[in-house]
Participant: 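First the structure, which I've put down as structure tokens, then a few questions once you've had a look.
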Amino acid sequence: MFAMESSEDELEEDETEWKQHLTDLPLTSRASESSLISKSPTPAHRVILHFDLDCFYAQVEMIRNPALRDVPLGIQQKYIIVTCNYVARQQGVTKLMSVTDAKQKCPQLVLVKGEDLTHYREMSYQVTDLLLSFCPLVERLGFDENFVDITKMIENRLQRTPEEFSFQGHVYSTSSEAAKAKASVHPELALGSHVAAELREAIRCQLGLTGCAGVATSKLLAKLVSGTFKPNQQTTLLPENVDDIMGSLSGHRKIPGVGHQTAKRLQALGLVSVRDLQLFPLTELEKELGSPSAARLKNLSLGVDDSPVNPTGAPQSLSDEDSFKKMSSAEEVIDKIQQLLTSLLERMRKDGRQPQTFRLSVRKFSASNKWYSRESRQCPIPNHVGHKITSASSDDAPAQLLTMAMKLFSKMVDAAAPFHLTLINVCFSNLQKPAPAASARGSITSFFSLSAFPQNSAQSQIVSPISVSDHPCSLGAMTPIIPENTTKTPTSRDAASPQARPTQSTSSVPAEASRTLTTSHSSTCSYGGDADVTATYRLPPNVDPRVFSQLPANLQMELMREWEQRRPVLKIPTVSRKPGREAKEKKGTGRRCQANSLLDYFKPA
DNA sequence: AAGCAATAG
DNA sequence: GGTTCTATTGCTT
């Protein structure tokens with residue numbers, strides 16, 4: 001906030017020298033041009049949308065309790081206001097302000113506790129899913145932002161109806177009069193602005209949320225431009241104004257990807273403004289940051305970003321954490337880990353996937369090094385334990401995980417000596433897709449869910465999205481909330497049908513399935529490469545070979561790969577336990593006894 | 001595979 | 001900047 005203002009005088013002298021280097025820089029990436037297998041070489045002009053919900057947590061709470069609409073509202077986590085509504089902002093409350101300061105600024109401020117992210121997380125995924133129902137290329141950034149690559153959609157629509165558009169919303173640094181003339185120069189962006197407006201309207205009428213959107217040719221530019229008019233507005237950036245918007249940034253720290261550490265290193269080189277970075281010789285920058293980072297950063301400073309919108313899919317890890325002033329006793333630690341595990345296990349069970357690794361993190365207090373330092377230890381989750389997490393019947397998963405947690409804990413903290421923790425985090429990662437149901441119906445269902453998620457970006461691009469104006473929301477007469485669509489759209493990804501992240505291996509599941517899939521599946525049986533596949537591989541005992549052979553070949557391979565993965569490769573002995581101790585823990589004779597045995601971890605060695 | 005640093009909202 | 005409660009990516013071993 002108090003970053004030094006750039007003193008351009010010092011740097012002025014060398015500018016001409018630097019400018020020469022500047023001309024050597026490729027202004028666009030040529031990477032895709034040399035690709036031999038390029039089904040779709042990245043088009044010259046992409047259309048990227050960035051969506052950013054207004055004060056997201058506050059909006060969610062105002063939906064849950066409409067009485068909060070017109071009062072100054074702050075969302076409180078521990079002793080800080082993490083966000084607040086616009087009524088509160090008018091009275092001087094800001095993000096990340098301490099509760100004390102906020103109350104002083106605004107005595108009538110209403111506070112809602114926001115440490116439990118459940119509702120925010122759920123609403124966040126509803127927004128992403130809604131966007132996914134229009135277009136398969138959606139990338140999440142935190143809980144309240146999404147990128148959408150609508151290039152294909154725009155191309156299709158422009159070919160079909162080459163109608164003339166003006167812009168919806170603002171156009172960066174150009175008057176509405178001038179914008180009208182620009183619409184024919186940049187029809188993709190003009191159309192993009194209309195798509196952005198319709199998607200914002202869909203989010204508003206189906207979910208009740210408002211937000212900003214940015215329309216541009218890259219993620220970088222879409223994100224930078226989306227915030228220029230707030231709240232609940234949108235703006236489009238034209239290519240001719242790229243230099244303007246980059247120059248408008250108050251410093252290189254404002255470039256997405258330049259965090260505190262990078263900013264410090266740049267400042268050590270005498271660089272403060274974005275312009276400084278643009279003019280600094282790449283070779284010099286490489287010495288400080290390494291070649292790939294330097295090139296990327298320099299391009300970003302010039303407003304050049306060819307990074308793709310990577311479909312996010314289901315989360316790669318689930319974690320739960322709590323922070324506190326001081327935790328220094330064994331009993332507290334055990335109790336806290338138990339609490340965290342309980343809620344994390346419930347989330348894990350709803351997700352349906354099976355975690356393969358478990359991590360425990362702590363933050364230790366140290367007066368000198370108040371700095372952000374966490375330590376963590378992780379371990380594989382033995383197969384039998386992993387299964388108990390999802391198959392809800394078994395009740396002793398918590399106990400086993402607690403035991404594992406305490407083993408990990410003892411690797412970080414010598415509990416025999418005094419300790420002072422300020423945070424504990426538990427995390428499941430390496431999440432594996434659940435085994436598909438064995439019945440025919442189950443297999444068909446999993447066909448739906450496997451195909452419903454974009455498997456990779458190249459394939460997904462082929463999807464011809466429904467026209468935005470076909471969406472129920474824009475038909476006006478439709479009731480909100482439930483899209484009247486077909487069977488299972490990606491919109492309905494939920495606890496019942498979690499989607500694992502798209503695998504990297506190229507699956508040939510037809511991408512059109514995500515949109516054009518209807519109830520008629522007469523064709524699916526025609527693939528039948530039955531004898532070959534079923535003969536060469538062993539199917540799990542609960543799978544009917546006849547049903548399996550009727551599945552499309554690509555799905556068969558998908559399933560085989562999964563089963564290969566989860567086959568009892570071997571017991572991983574990393575959590576080695578002594579037989580005696582294990583026996584003692586297994587009989588859950590009660591919480592008291594359990595805790596007592598766990599306290600062993602705190603005894604002197 | 002493990003652990004951490006950096007970045008993000 | 002760091003607070004909070006997450007989540008991702010990339011580096012290093």
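Nothing here was measured: the structure is a model prediction, and the numbers come from that model.
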Participant: Rounded to the nearest angstrom, tell me the gap between atom CG in A:N146 and atom P in B:dG9.
Facilitator: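 One finds 13 Å between P of B:dG9 and CG of A:N146, rounded.
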
Participant: What integer number of Å spans the P atoms of B:dG3 and C:dT4?
Facilitator: 24 Å

Participant: Do any side-chain nitrogens or oxygens of A:S376 fall under 4.0 Å of OP1 or OP2 in B:dC4?
Facilitator: yes

Participant: Using only atom types and a distance under 3.5 Å, with no angle test, would you say the side chain of A:K219 pairs donor to acceptor with the backbone of A:D305?
Facilitator: no

Participant: Any base atoms under 4.0 Å from A:L423, or only sugar-phosphate, or nothing? Heavy atoms, all strands.
Facilitator: nothing

Participant: Residues two or more places apart in sequence or in another chain: which of them pass salt bridge (Lys or Arg N to Asp or Glu O under 4.0 Å) with A:R69?
Facilitator: none

Participant: What residues from residues 77-111 of chain A pass a heavy-atom cutoff of under 4.0 Å to DNA chain C?
Facilitator: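 The stretch gives A:Q77, A:K78, A:Y79, A:I80, A:V82, A:L96 as the residues lying under 4.0 Å from the strand, ordered by number.
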
Participant: Contact class for A:R359 vs. all strands (heavy atom < 4.0 Å): base, sugar-phosphate, or nothing?
Facilitator: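 No contact at all - A:R359 keeps every heavy atom at 4.0 Å or more from the nucleic acid.
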
Participant: From NZ of A:K254 over to C1' of B:dG9, roughly how many Å is that when rounded to an integer?
Facilitator: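 To the nearest whole Å, that distance equals 14 Å.
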
Participant: Between A:F428 and A:F358, does the ring centre distance come in under 6.0 Å?
Facilitator: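 Ring centres of A:F358 and A:F428 closer than 6.0 Å.
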
Participant: Between B:dA2, B:dA8, C:dC5, spot the one nearest the side chain of A:P380, thanks.
Facilitator: B:dA2

Participant: Do A:E139 side-chain atoms and A:P311 backbone N/O form a donor-acceptor pair below 3.5 Å?
Facilitator: no

Participant: Just how far, in rounded Å, is C1' of C:dT8 from CG of A:D144?
Facilitator: 15 Å

Participant: Does NZ or CZ of A:R363 come closer than 6.0 Å to the centre of the six-membered ring of A:F324, within 45° of the ring's axis?
Facilitator: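 Judged by the rule, A:R363 and A:F324 form no cation-pi pair.
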
Participant: Does the side chain of A:Q356 pick up a donor-acceptor pair with the side chain of A:N430 at under 3.5 Å?
Facilitator: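 Side-chain D/A pair, A:Q356 to A:N430: absent.
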
Participant: Let me know the distance between CG of A:L431 and P of C:dT6, rounded to the nearest Å.
Facilitator: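 Computing the A:L431:CG to C:dT6:P distance gives 15 Å.
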
